[in-house]
Amino acid sequence: MNDILPPESALWEWLEEKVRAVMHQWSYRNVRTPVLEHTGLFVRGLGEVTDIVEKEMYSFEDRADKQGDADHLSLRPEGTAGVVRAVSEHSYLYDGGKRLYYMAPMFRRERPQRGRYRQFHQVGAEALGFAGPEVDAEMILLAHELWQQIGLKDVTLQLNSLGQPEERQRHREALIAYFQANEDQLDEDAKRRLHSNPLRILDTKNPAMQELATQAPKLMEYLGDASLKHFEQVQAILQAQGVKWQINPRLVRGLDYYNLTVFEFVSEALGSQGTICGGGRYDYLIEQIGGKAAPAVGWAFGVERVLELVKEQQLVPAAKSPSVYAIVPDAAALPQAMALLTALRRMGVAAQLHTSADSAQGMGSFKSQFKRADASGAAWALVFGTDELARGEVALKPLRHAGEQVLYALSNIDALAARIQSPIAQ
Ligand code: HAM
C-alpha cells in the first residue's frame with residue numbers, strides 16, 4: 001500500500017482530470033460506493049473459486065449487534081460488484097440503462113511487486129441495462145480514447161468471446177474430458193481447478209503447461225450463431241474506427257461473472273504485470289446478486305499501471321506552479337498581504353505566500369525569500385515592501401522573463417490580476 005505525495009500526486013490529479021473530461025464527453029456519470037461490502041457479495045459475484053475470493057480478500061467479522069449477529073465484511077477487491085449492488089438496491093435502472101464510472105481504491109492481498117499492490121486504484125466504467133454489441137464496442141472505444149488523450153503508445157487490445165452459459169457448459173465438458181485424458185501433465189493448481197473452473201486452466205502461467213493449454217478445445221468452436229454475431233458486430237464497429245485488436249482465445253479473465261465479449265489492454269513495457277485494463281460483458285451478475293435481471297458491460301484500468309506507463313513513455317506533464325509568490329520582508333505586513341492574496345485567488349490567480357519555518361526568526365532575508373520564490377516556479381514575485389505598502393502600493397516583479405518591477409495601487413487590484421494573468425509570463 002502506497003503513500004502518494006507531491007510531486008507524484010500531481011500526476012494522479014492530471015490523470016483524474018483527463019478521465020473526468022473524457023467520461024463527461026461520453027456521457028458516463030460518476031458513482032461512489034462504500035469501500036466495505038458484505039463478503040457474500042464478492043463470493044456470489046466474483047465466484048467462489050477465483051484467486052481473489054479464495055485468497056486475496058481482506059475480510060473480517062464485524063462486532064456483533066444486540067441480537068448477537070455479526071456481519072462478514074470485506075474491503076472491496078474490485079468495483080463492479082459494489083456498483084451492481086448499488087444499482088439494484090436503488091432500482092436505478094427503473095427507467096432504462098445507465099452509464100457510470102468510478103475512480104477508487106481497491107484491495108487485494110496479492111504478492112506485491114512492480115505494478116501489483118495491495119491497495120491499488122481503479123478507474124472503472126460500467127454500462128448497465130444495455131444488451132447490444134454496440135455498447136461492448138463503445139466501452140472498448142472509451143478506454144481506447146483514454147489512451148489517446150493520455151498519449152499512451154503501444155497498448156494492444158486483446159479480444160475474446162466467452163459465449164453464453166450453456167455454450168460454456170458444453171465447452172467445459174469437452175475441456176474436462178481433454179484435461180482428464182492428459183491428467184499426467186496437469187500441475188497441482190490445474191488439478192484442483194479441473195472440476196471447479198477448468199476454463200481458468202487455459203490461463204495458466206506455468207510454462208510446462210502452455211502446449212497443453214494451446215491445444216485444448218476452443219470455446220469459440222462451441223459458440224452459437226447469436227453469440228458469434230454479437231462478437232462480429234463488436235469487431236465491425238472497432239474496425240470502422242481503425243482500432244486494432246488481436247483475438248486471444250485464452251483470454252478468460254480472472255473473475256467468473258463474464259459472458260460474451262471479454263477484453264484486455266496490454267502493454268509490453270510493464271513486464272509481467274502488463275495488463276492495464278480488463279473488462280467485458282456480465283449479463284447475469286445483477287440477477288446473480290439478487291437484483292432484477294439486466295445486461296451489463298464494463299471495464300476497469302489500474303491507475304498505478306497506467307501511470308507507470310506514462311512515466312515510462314515520458315508523458316509526464318509539466319509541474320503546476322503558482323503564478324505569483326508573495327514576498328513579505330516584515331511580518332507586520334502579513335495581514336495586508338494575506339488579504340490581497342485572498343482577493344487575487346478569488347480572481348483566479350494561483351498564489352503562494354512566503355512562510356518562515358520559525359516565526360521567532362522573522363520572515364527571512366529578502367534574498368532567501370527570492371530564492372524560495374524562484375524554486376516555487378512562480379512567474380511573478382509580489383513584493384509587500386514596508387515603504388510601498390505605506391504608500392498603498394505593492395510591487396510586481398517578473399521572475400522568468402525580462403522586465404522591471406512595476407508598482408500597483410492596492411486600490412486597483414484588477415490591473416494587478418490582469419497583469420499576472422496576461423499571456424506574457426505563462
Ligand atoms: P481486473 O482485471 O481484476 O478486473 O482488474 C482491472 C485492472 O486493475 C487490471 O487490469 C490491473 O490494471 C488493475 N489491477 C488489478 N489488480 C491490481 C493490483 N493488485 N495492483 C495494481 N493494479 C491492479 C476487474 O476488477 C473488473 N471489475 C473489471 C470490470 C469492470 N469488468 C466489468 N466491469
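We're numbering straight along the sequence, starting at 1. Every number for a ligand or one of its atoms is a count from 1 in the order of the listing.
Scanning the protein heavy atoms around atom 30 (C) of ligand 1, the nearest turns out to be Thr80 OG1, 3.0 Å. Annotation: atom 3 (O) of ligand 1 to nearest protein heavy atom, Arg108 NH2, 2.9 Å. Nearest protein neighbour of atom 14 (N) of ligand 1, counting heavy atoms only, is Phe120 CE1, 3.4 Å. Nearest protein heavy-atom neighbour of atom 24 (C) of ligand 1: Leu255 CD1, 3.6 Å.
Close approach to Ile276 involves these atoms of ligand 1, each under 4.0 Å from a residue heavy atom: 10 (O), 12 (O). Those atoms of ligand 1 with a heavy atom of Gly302 less than 4.0 angstrom away are 7 (C), 8 (O), 12 (O), 13 (C). For ligand 1, the atoms sitting less than 4.0 Å from at least one non-hydrogen atom of Gly279 are 31 (N), numbered in the order shown with element in parentheses. Listed by number with element, the atoms of ligand 1 under 4.0 angstrom from any heavy atom of Glu126 are 30 (C), 32 (C), 33 (N). For ligand 1 and Cys277, the ligand atoms under 4.0 Å from any heavy atom of the residue are 10 (O). Contact atoms of ligand 1 toward Gly278: 10 (O), 28 (C), 29 (C) (distance under 4.0 Å to a heavy atom of the residue). Listed by number with element, the atoms of ligand 1 under 4.0 Å from a non-hydrogen atom of Tyr282 are 32 (C), 33 (N). Residue-ligand proximity, Tyr258 to ligand 1, at heavy-atom distances under 4.0 Å covers atoms 26 (C), 28 (C), 29 (C), 31 (N), 32 (C).
For atom 6 (C) of ligand 1, the nearest non-hydrogen atom from the set Arg111, Arg253, Gln122, Glu78 belongs to Gln122. With atom 9 (C) of ligand 1 as the reference point, the heavy atom nearest to it among Thr50, Leu128, Thr275 is part of Thr275.
Residue Glu110 places at least one N or O, backbone or side chain, under 3.5 Å from an N or O of ligand 1. For Ala300, no nitrogen or oxygen atom sits less than 3.5 Å from a nitrogen or oxygen atom of ligand 1, counting backbone and side chain alike. In terms of polar-atom proximity, Tyr102 is not counted as a contact of ligand 1, lacking any N or O under 3.5 Å from an N or O of the ligand. Of the N or O atoms in Tyr257, one or more lie within a sub-3.5 Å distance of an N or O in ligand 1.
Contact detail for Ala127 and Met139: the closest heavy-atom pair is N-CE, 3.4 Å. In plain terms, the two heavy atoms of Ala417 and Met347 that are nearest each other are CB-CE, 3.8 Å.
A donor-acceptor contact closer than 3.5 angstrom links the side chains of Glu173 and Gln169. Counting only N and O atoms by type, the side chains of Ser356 and Gln361 include no donor and acceptor under 3.5 Å apart. Remark: the Thr80 side chain and the Glu126 side chain contain an N/O donor-acceptor pair separated by less than 3.5 Å.
For the pairing with Asp51, the salt bridge (charged side-chain N to carboxylate O under 4.0 Å, His left out) check across Arg193, Lys205, Arg109 returns one residue only, Arg193.
A salt bridge links Glu138 to Arg99: one of the charged nitrogens lies within less than 4.0 Å of a carboxylate oxygen. A salt bridge links Arg114 to Glu308: one of the charged nitrogens lies within less than 4.0 Å of a carboxylate oxygen.
With a 4.5 Å cut-off on side-chain heavy atoms, Tyr102 and Arg32 do not count as touching. Inter-residue side-chain proximity for Leu146 and Leu152 is flagged as unmet; no heavy-atom pair is nearer than 4.5 Å.
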Ring pair (Phe, Tyr, Trp, His ring centres under 6.0 Å) evaluation trace for Tyr257 with Tyr282: CA-CA 6 Å; Tyr257 50 59; Tyr282 52 93; 5.5 Å; yes
Asn160 and Met220: CA distance, side-chain angles, deciding distance, side-chain contact (heavy atoms from CB on, under 4.5 Å) verdict: CA-CA 8 Å; Asn160 192 19; Met220 205 62 81; 3.4 Å; yes
Going through the distances and angles, do Met1 and Phe107 end up as a side-chain contact (heavy atoms from CB on, under 4.5 Å)? CA-CA 9 Å; Met1 300 189 186; Phe107 304 84; 4.2 Å; yes
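Residue contacts with ligand 1: Gly115 is included, with a non-hydrogen atom under 4.0 Å away.
When non-hydrogen atoms are compared, ligand 1 lies under 4.0 Å from the side chain of Arg305 (C-beta onward) but not from its backbone. If you look at Val297 next to ligand 1, there are no close heavy atoms at all, none under 4.0 Å.
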